[in-house]
Amino acid sequence: MTTSCCSSTPLPILTFTERAKSLSEIQQAHAFMLKTGLSRDTFSASKLIAYAVANPEPKTVSYAHSILNRIDTPNVFTHNSLIRAYANSSTPEIALTAFREMLLGPVAPDKYSFTFALKACAAFRGVEEGRQIHGLFLKSNLDSDVFVENTLVNVYARSGWFEVARKVLDEMPERDVVSWNSLLSAFVEKGLVEEARKLFDEMEERNVESWNFMVSCYAAAGLVEGARECFDEMPVKDLVSWNAMVSGYARAGCYGEALEVFNEMLKSCAEEPDGFTFVSVLSACANLGSLSQGEWVRVYIDKHGVEIDGFLATALVDMYSKCGRIDKAVEVFRGASKKDVSTWNSMITGLSVHGLGNDALEIFSEMVYEGFKPNSVTFIAVLSACNHVGLLDQARKLFETMGSVYGVEPSIEHYGCMVDLLGRLGRFEEAEELVNKVPPDEASVLLESLLGACKRFGRTEQAESLANRLLELSPGETSGYVQMSNLYASNGRWDEVTEVRRKMRAERVNKKPGCSMIEVDGVVHEFLAGEGLIND
DNA sequence: TTAGGGTTAG
């Protein structure tokens, strides 16, 4: 028996590095390696870089990049790891910087380098860059490779160059199922249902992923029946298939169906639900107001030790808020170890709709203090919070600073919140000023809001002129007519009500009744506006 | 190594 080098005990620092759970642990390991001179060693440094491949946040990856730059003899593996980490990060463009650095150095790229660099191009739709790398690959002495070419198909397809993608696909010396899926996935991403279906029918081979693409494709287009048909037809289902179907129903607003599929999933015991499943299920519970099912999910998550990431925390907070349990929403929020911007947003929104505007604003301050960057949804949430409590000065300040301080330019929704608030407080001049700042084709929502306020303040003339503006802007929409008709009705001007209704019929616009749902004692009830409990 | 499923607003 011989003793090989592999049987020697690995260095403790390398074991520590391999097991690192955070960037700061990697930094500790790096610091240790710097002291001992180990950081210039290719093998040791590659362990540090491996962390970035598994956790490709931009900060982590750029840290790995700086380590790589200081290795004495980088090899193909370390270069490829870095390119791959960038390709999987939210800043895939930088993968090409890493690729360029490799080209300038002594180590020649291999098929892996090309695959990862192209994957980066696909991620940021860099078709020009992809084309150049395609050229470099053809000029290199590397053999044709199915991984490189599959990724190339994906680059062209995701950038919308479908014909070129198809040409590459057709001319491949060897194709596999991923080649087809690379094109199919791009059709799905772009919402091209017919093209996807045609390709799917024509494909030489399909796997469960091809079927999943089709389920998602129909679902994303709101064609839930098509999605269901596909789902029922597929020869093998995996976890992703179930998740695609549950989320498809939930996103289409078919919340009851979403829960039904979820129950089928549990009954069939085919796949164990995961975080993806629960996010969609909780969204369905939230929108149905079904607290008991939402609670059930939370218990399941706890019992099975499902990791609560930012998405899941968001969904839980939202479910509790929408089901009327703001106390529990806060509890989940406070207990969540992983929060992202959306988690903060759903907490702020929850507090806001429960009339706790001041608490919502406090959470907003906390969010900024903790270094989270508010986005467009955040400002809708905080402005709505101001709206609910009537905090005009705060709202004005937020509206003014959202662009200049936080880099979020106000959109029509933000204008909507402000116009709502100003209207509610009777500040009609300031409100109209804001409405006039918005492009006319987007102004109708604002006009409607302001019109409602005018009515409440008894400003009939202004309301009438606003309703006229509304009709001019969007003659095919119901809102202008309805507002106008209600306005006349409230003043007893019945002839004019009849006239508006006649016009509506002539233009073939109909008013849809409002609808909402809530769970009482475990039963979900549906209301139509102006009616009692349907399920009673 | 390449292709797949998730939340928050109004």
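All heavy atoms count here, side chains included; hydrogens, waters and symmetry mates do not.
At the heavy-atom level, A:F116 lies under 4.0 Å from the strands shown only through sugar-phosphate atoms. Here A:N80 lies out of heavy-atom contact (under 4.0 Å) with every strand. Using a 4.0 Å heavy-atom criterion, one finds that A:G275 contacts the bases of the nucleic acid, with or without backbone contacts as well. At the heavy-atom level, A:T115 lies under 4.0 Å from base atoms of the strands shown. Residue contacts for A:L282: at a heavy-atom cut-off of 4.0 Å it reaches no nucleic acid atom on any strand shown. In this structure, A:D145 reaches neither bases nor backbone, as no heavy-atom distance under 4.0 Å exists between it and the strands shown. Nucleic acid contact for A:S384: sugar-phosphate only, since backbone atoms but no base atoms lie under 4.0 Å from a heavy atom of the residue.
Checked against the 6.0 Å centroid threshold, A:F311 and A:F276 do not count as a close aromatic pair.
A salt bridge does not link A:K267 to A:E260: none of the charged nitrogens lies less than 4.0 Å from a carboxylate oxygen. Of the charged side-chain nitrogens involved, at least one lies within less than 4.0 Å of a carboxylate oxygen, so that A:E202 and A:R166 count as a salt-bridged pair.
The side chain of A:R84 places no N or O atom within less than 4.0 Å of a non-bridging phosphate oxygen (OP1 or OP2) of B:dT1. Distances shorter than 4.0 Å separate none of the side-chain N or O atoms of A:T314 from OP1 or OP2 on B:dG6.
Remark: the A:D238 side chain and the B:dG5 base include no donor-acceptor N/O pair separated by less than 3.5 Å. The base of B:dT7 sits within donor-acceptor range of the side chain of A:S342, with an N or O pair under 3.5 Å.
Contacts between residues 87-96 of chain A and DNA chain B, counted as heavy-atom distances below 4.0 Å, involve no residue at all.
Between the CG atom of A:L446 and the P atom of B:dG10 there is a distance of 15 Å, given to the nearest Å. The distance between atom CZ of A:R158 and atom C1' of B:dT2, rounded to the nearest whole Å, is 11 Å.
Among the candidates A:F379, A:F364, A:F333, the single residue satisfying the ring-ring contact (aromatic ring centres under 6.0 Å, His included) test with A:W344 is A:F333.
Judged by distance alone, the side chains of A:K119 and A:N154 never bring a donor and an acceptor atom under 3.5 Å apart. No side-chain donor-acceptor contact under 3.5 Å links A:T151 and A:T115.
Among the nucleotides B:dT8, B:dG6, B:dT1, the one closest to any side-chain atom of A:K322 is B:dT8.
A:E370 CD: more than 12 foreign heavy atoms inside a 6.0 Å radius.
Using a 5.5 Å limit on the distance between ring centres and a 30° limit on the angle between planes, the aromatic ring of A:F147 counts as stacked on the six-membered base ring of B:dT1.
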